[in-house]
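Counting starts at 1 for both ligands and their atoms, following the listed order. Note: hydrogens, waters and symmetry copies are ignored here, and every other heavy atom, side chains too, is used.
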Amino acid sequence: MNVLVTGGAGFIGSHTVVELVNAGFSPVIIDDLSNSSITVLTGLKNILGFDVPFYQADCNDFSTVESIVKKHDIQGIIHFAAFKAVGESVQKPIKYYKNNIGSLLNILEVMQATSVQNLVFSSSCTVYGEPDLIPVSEETPKKKTESPYGNTKAIAEDILEDVIKSGENMNIISLRYFNPIGAHDSAEIGELPNGVPSNLIPFVTQTAIGKRPKLVVFGNDYDTVDGSNVRDFIHVVDLAKAHVAALDLLKTKNGTFYDVFNIGTGKGNSVLEVIQTFEKVNGLKLNYEIGPRRAGDVEKIYGNVEKASKILNWKTEKTLEESLKDAWAWELKLKNNNN
Ligand code: NAD
Ligand code: WQD
């Protein structure tokens, strides 16, 4: 099956491309490189041994996406392409609504025009906002989040549900990711954010390597095990494999199918536990200090992942220790490449 991977040069997309090939799918990438580098393609080639078809294009461009879908006889789409910086989305909501909602609508129109049936959409645990009860399951009510970014994911899910309710001949799965971290164990691909990272792990590795003077832990006065926030940190390769499982399920459906799955480890770890584990598994000391809370942070969240385990026949295989070792190996590789 030929699968279009929008945002396939990005962090999760690039790891998914590898797992698609491992599972016998043929991926084709569209990415405008707005938050990724062309060098990702070299990493992919080093892992896979061949060039994955790549188009530098904007997913909002109907005729370009349509022509790529037709040219490659695409039968499934995984739509990763989106902007994801929560803080920036508060400053630039129009940019976020336009790209994240606009590109999804465009992909749906291309699917209609070309009769592509299968879509996997990148959603997020951000749709749960600050949950009243954890772990959150797919039945946990969605809550309006404080960020336009979070809203784009909640709105996108509503759009997809409505499309299927209308009787559209499509099969769609939204995967609600928790916090993806780590890198491919070859260290050929990993997380490569443009500019100052806002996510925890790239900030940790960049501090450890000396690119940043210190890490600030955003608060230690939460009602958690050690006062720092708790998250469900999932290895990006495990997350990538969930997309293969989702496509495998979609292939068995005959249209008008929609479902949503939590994709996490089912366990919570605090920010301070992550720092201590990072130091331990990599044998180093991290320069960090406790700072004030970050506006908008959820106190604690992790997922109930029973549904994905039962229906997608998927579960995580990698540990927090492996994730943090792989993230560090990737940072070291980046340093060597730049020297
Ligand atoms: P990423 O920024 O590394 O990857 C997204 C890719 O999409 C980038 O390569 C970017 O250049 C590309 N892109 C953006 N807009 C585009 C457009 N209009 N046309 C073509 N390409 C475009 O992000 P990621 O961490 O890999 O996230 C992938 C998806 O998963 C996103 O939809 C994100 O919102 C979602 N998600 C991410 C996380 C996370 O913590 N990383 C958690 C939950 C959900
Ligand atoms: C993790 C924890 C921070 C940086 C975001 C989005 C969410 C989803 C995943 C896409 C938090 C703490 C961080 C630092 C810190 N993305 N931290 N110092 O906030 O859980 O979720 O990414 O959908 O929508 O909101 O991820 O990696 O930013 O933070 O102490 O320098 O690390 O406070 O507790 P977050 P994150």
Tell me which protein heavy atom sits closest to [atom], plus the residue, atom name and distance to 0.1 Å.
| atom | answer |
| --- | --- |
| atom 10 (C) of ligand 2 | Tyr149 OH, 2.8 Å |
| atom 28 (O) of ligand 2 | Arg294 NH2, 2.9 Å |
| atom 25 (O) of ligand 2 | Val86 CG2, 3.3 Å |
| atom 20 (O) of ligand 2 | Arg231 NE, 2.5 Å |
| atom 18 (N) of ligand 2 | Val216 O, 2.8 Å |
| atom 17 (N) of ligand 2 | Phe218 CD1, 3.5 Å |
| atom 33 (O) of ligand 2 | Asp297 OD2, 2.6 Å |

Applying a 4.0 Å heavy-atom criterion (strictly less than), which segment of [X] is in contact with ligand 2: side chain, backbone, both, or neither?
| X | answer |
| --- | --- |
| Asn199 | both |
| Cys125 | neither |
| Asn179 | side chain |

Without swapping roles, check the side chain of [X] against the backbone of [Y] for a donor-acceptor pair under 3.5 Å.
| X | Y | result |
| --- | --- | --- |
| Asp58 | Asp61 | no |
| Trp314 | Asp238 | yes |
| Asp259 | Ile172 | no |

### Query
Going through the checks in order, is the side-chain hydrogen bond (donor to acceptor under 3.5 Å, both in side chains) test met by His235 and Thr316?
CA-CA 8 Å; His235 196 295; Thr316 55; over 6 Å; no
### Query
So is Leu200 polar-close to ligand 2, meaning N/O to N/O under 3.5 Å?
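Yes.
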Which of the atoms in ligand 2, numbered in the order shown and given with their element, are less than 4.0 Å from a heavy-atom of [X]?
| X | answer |
| --- | --- |
| Val217 | 30 (O) |
| Ser124 | 8 (C), 10 (C), 23 (O), 24 (O) |
| Asn229 | 11 (C), 33 (O), 34 (O) |
| Val271 | 2 (C), 12 (C), 30 (O), 32 (O), 34 (O) |
| Ser198 | 4 (C), 28 (O) |
| Thr126 | 24 (O) |

### Task
I would like to know whether Lys335 and Glu331 meet salt bridge (Lys or Arg N to Asp or Glu O under 4.0 Å); could you show each step before the answer?
CA-CA 6 Å; Lys335 187 179 182 197; Glu331 191 67 58; over 6 Å; no
### Query
Is Val127 close to Arg176 at the side-chain level, that is, under 4.5 Å between some pair of heavy atoms?
yes
### Minimum side-chain heavy-atom gap Val244-Leu20 below 4.5 Å
yes
### Message
Heavy-atom count check: over 12 atoms from other residues, nucleotides or ligands less than 6.0 Å from Glu146 CD?
### Response
no
### Task
Flag yes if more than 12 heavy atoms outside Lys280 fall under 6.0 Å of its NZ atom; otherwise flag no.
no
### Message
Students should find this: residues with any non-hydrogen atom under 4.0 Å from ligand 1. What is the answer?
### Response
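Those residues closer than 4.0 Å to ligand 1 by some heavy atom are Gly7, Ala9, Gly10, Phe11, Ile12, Asp31, Asp32, Leu33, Ser34, Asn35, Ser36, Ala57, Asp58, Cys59, Asn60, Phe80, Ala81, Ala82, Lys84, Asn99, Ser122, Ser123, Ser124, Tyr149, Lys153, Tyr177, Phe178, Pro180.
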### Query
Quick one: are the ring centres of Tyr55 and His72 less than 6.0 Å apart?
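Ring centres of His72 and Tyr55 closer than 6.0 Å.
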### Message
Would you compute the distance between atom CD1 of Ile189 and atom NE2 of His184 and round it to the nearest 0.5 angstrom?
### Response
6.0 Å
### Query
In the hydrophobic cluster built from side-chain contacts under 4.5 Å, what are the other members alongside Leu272?
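Ile181, Val196, Leu200, Ile201, Phe203, Val204, Ile209, Leu215, Val217, Phe233, Val271, Val274, Ile275, Phe278, Val281, Leu284, Leu286, Tyr288, Ile290, Leu320, Leu324, Trp328, Leu332, all in the cluster of Leu272.
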#### Entry: Lys300: partners by side-chain hydrogen bond (donor to acceptor under 3.5 Å, both in side chains), with sequence neighbours left out
none
### Task
Name all pairs fulfilling the salt bridge (Lys or Arg N to Asp or Glu O under 4.0 Å) condition that reach into residues 89-113, sequence neighbours left out, sorted by first residue then second.
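Passing the test, one end in residues 89-113: Glu88-Lys92, Glu88-Lys95.
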